[in-house]
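Input: a single structure, listed below in structure tokens.
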2 protein chains.
Amino acid sequence: MLKSLANKPEKAAGEAEAAGPQPPTASLHGEVLTRLRDYIVEGNLADGDRVPERELCALFGISRTPLREALKVLASEGLLDLLPNRGARVRALTKRDLTELFDVMGGLEGLAGRLACENITDEQLAEIEGLHYEMYACYLRRDLHGYFQYNQKIHQKIVAAAGNAILASTYASFAGRLRRVRYSANLARERDRWSEAMREHEAILDALRRKAGQELSDIMFHHLRNKRSALAGGDEN
Amino acid sequence: MLKSLANKPEKAAGEAEAAGPQPPTASLHGEVLTRLRDYIVEGNLADGDRVPERELCALFGISRTPLREALKVLASEGLLDLLPNRGARVRALTKRDLTELFDVMGGLEGLAGRLACENITDEQLAEIEGLHYEMYACYLRRDLHGYFQYNQKIHQKIVAAAGNAILASTYASFAGRLRRVRYSANLARERDRWSEAMREHEAILDALRRKAGQELSDIMFHHLRNKRSALAGGDEN
DNA sequence: AAGAAAATTATTGAATTCATTTTTTCCGTT
DNA sequence: AACGGAAAAAATGAATTCAATAATTTTCTT
């Protein structure tokens with residue numbers, strides 16, 4: 001295991017980079033955190049796996065101190081469990097977690113829709129319309145993968161159009177947590193309500209055009225709630 | 001500065017507690033984090049103050065390593081800024097931060113109201129009714145402080161009644177961030193719309209009784225939005 | 001040979017150490 | 001006296017070290 005993501009495989013400290021004039025910033029500040037989060041979100045570790053400190057230190061070319069700082073942060077984000085004296089483990093989302101997460105995402109996206117109606121520019125709206133039609137094209141040709149891509153982009157753009165940075169970062173954090181599960185078989189169940197979801201997206205675009213914030217807020221929540229329901233029939237956890 | 005919160009002023013390591021059979025857990029795990037967060041949230045440091053690592057280490061009786069881990073977590077929560085090579089500072093909420101936070105709180109409380117209508121028990125509803133009338137009594141006798149207390153409790157109880165742990169912890173995190181500002185002069189402006197707020201709370205309780213989730217969601221958002229507007233007239237930041 | 005106990009090894013949590021960077025102090029110049 | 005810059009002091013960031021705890025292996029007993 002441990003996919004090769006390393007840039008400096010070993011002996012990071014003590015030897016200067018022979019390479020050219022790198023920007024003097026590039027500090028490991030959020031760097032380690034981001035790399036480790038990506039590493040976990042991208043699914044390099046399985047649910048429940050213990051996080052191998054020493055291996056990751058070697059992989060990232062750092063000592064345990066900054067790595068453990070990142071572990072604490074990721075635990076506070078809900079990505080890891082911290083077991084006293086027995087290290088960090090990748091937190092497996094229970095069915096309940098999933099349910100709760102989808103509702104919270106629904107609340108956040110509902111808020112995003114409402115605020116987007118207040119703040120969206122014509123350009124942003126046009127961009128979302130474009131994505132919507134691309135997505136519709138995917139739907140027509142039964143391209144589920146493409147559909148998901150555009151779908152996600154549309155949701156992201158609506159959040160962006162809300163113009164609320166705190167909302168955006170909160171949304172991104174939860175989306176990351178869901179991403180570990182997003183591409184699993186569970187999500188393929190969305191296919192069963194594909195046409196329904198497509199109709200919901202028509203309603204979303206319509207409400208957004210009319211700047212009907214309250215209505216859009218409601219549609220967004222129910223859109224997520226329906227997605228949640230499609231999953232709730234699942235069997236695991 | 002540095003209020004005396006210490007339990008073990010010094011030499012924490014290396015000497016066993018003479019006291020009785022403490023649970024073998026009690027590890028400093030979330031302990032340092034919680035203590036530091038409380039310390040900051042309670043306003044022991046002013047906006048923009050640098051966080052005095054060494055002093056807090058002495059105060060908490062720990063070394064820099066666990067303290068810095070906590071600093072990273074609190075920075076990721078938005079309570080601190082981490083400046084490369086020049087330490088952590090208490091993040092001052094800009095007016096924009098405040099605006100955004102209130103909207104996000106509005107979204108979360110709207111969600112909480114909606115879910116509460118789905119999940120609230122009769123006991124929980126009765127408890128909220130009780131708090132509501134206590135709050136109303138404070139309003140009648142112009143007890144602003146008491147009013148705030150009950151107000152906060154009601155909002156917390158609605159969030160709790162939603163029965164979504166992830167929502168609850170997210171809400172708590174943002175509430176903590178607002179708490180630093182909550183008791184400031186800014187909030188006294190609420191007095192100007194006291195009767196309006198009181199009416200809104202009547203509507204909240206009414207919708208909750210009728211389990212009108214969609215309606216309550218909307219009321220909650222606007223309730224927060226109105227509170228936000230009462231602040232928006234402010235002058236600083 | 002199976003299971004229990006002991007010893008060994010590895011891992012974890014936290015203190016300490018060390019190089020680097022920033023901040024402050026001190027001193028000389030104008 | 002004000003300014004600029006060198007030297008000293010303090011802080012930060014990260015590696016290393018160390019005690020504790022947990023996991024593993026080995027040895028002993030039956």
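Letters go in sequence order (proteins before strands), and every chain restarts at 1. Only heavy atoms go into these numbers, but all of them, side chains included; no hydrogens, no water, no symmetry mates.
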Sequence neighbours excluded - ring pair (Phe, Tyr, Trp, His ring centres under 6.0 Å) pairs with any residue from residues 150-169 of chain A = His155(A)-His201(A), His155(A)-His223(A)
Is Arg89(A) paired with Asp81(A) through a side-chain N to carboxylate O contact shorter than 4.0 Å?
-> no
Cationic N near anionic O, under 4.0 Å, Arg180(B) to Asp47(B) = yes
Do Arg68(B) and Glu69(A) meet the salt-bridge criterion of a basic N to acidic O distance under 4.0 Å?
-> yes
Taking atom P of dG13(D) as reference, at what distance in whole Å does atom CD of Glu53(B) sit?
-> 7 Å
Between Glu55(B) (CD) and dA10(D) (P), how many Å, whole number?
-> 14 Å
Between N or O atoms, less than 3.5 Å apart, protein on one side and nucleotides 16-22 of chain C on the other: list the pairs.
unit_1  : atom_1 : unit_2   : atom_2 : d
dT16(C) : O4     : Thr65(B) : OG1    : 3.3

Can you name the residues that form a ring pair (Phe, Tyr, Trp, His ring centres under 6.0 Å) with Tyr147(B), not counting sequence neighbours?
-> Trp194(B)
Whole Å only: how far is the CG atom of Leu82(A) from the P atom of dT11(C)?
-> 17 Å
Would one find a side-chain N or O of Arg50(A) under 4.0 angstrom from OP1 or OP2 of dT11(C)?
-> no
Quickly work out the Leu67(B) CG to dT12(D) P distance and round it to whole Å.
-> 10 Å
Does Glu134(B) come within less than 4.0 Å of Lys153(B), counting only side-chain N to carboxylate O?
-> no
Rounded interatomic separation in angstrom, taking CD from Glu69(B) and P from dA15(C) | 10 Å
Bend of the helix from dA1(C)-dT30(D) to dT30(C)-dA1(D) from end-axis comparison, five pairs per end, nearest 10°, comes to 20°
Mind checking Arg68(A) for me? I need base, sugar-phosphate or nothing, with any heavy atom below 4.0 Å counting as a touch.
-> base
List in chain and number order the residues that pass salt bridge (Lys or Arg N to Asp or Glu O under 4.0 Å) with Asp192(B), two or more places apart in sequence or in another chain; answer none if no residue qualifies.
-> none
Is any side-chain N of the basic residue among Arg114(B) and Glu118(B) closer than 4.0 Å to the acidic one's carboxylate O?
-> no
Rounded distance in Å - CG (Leu83(B)) to P (dA11(D)) | 16 Å
Of Gly87(A) and Pro66(B), the one whose closest DNA chain C nucleotide lies more 5' | Gly87(A)
In whole angstrom, what separates Glu31(A)'s CD from dG13(D)'s C1'?
-> 15 Å
Take the protein atom CZ of Arg89(B) and the nucleotide atom C1' of dT12(D), then report the distance between them rounded to whole Å.
-> 13 Å
Go through the structure and list residues passing side-chain contact (heavy atoms from CB on, under 4.5 Å) with Ala75(B), not counting sequence neighbours.
-> Leu80(B), Leu82(B)
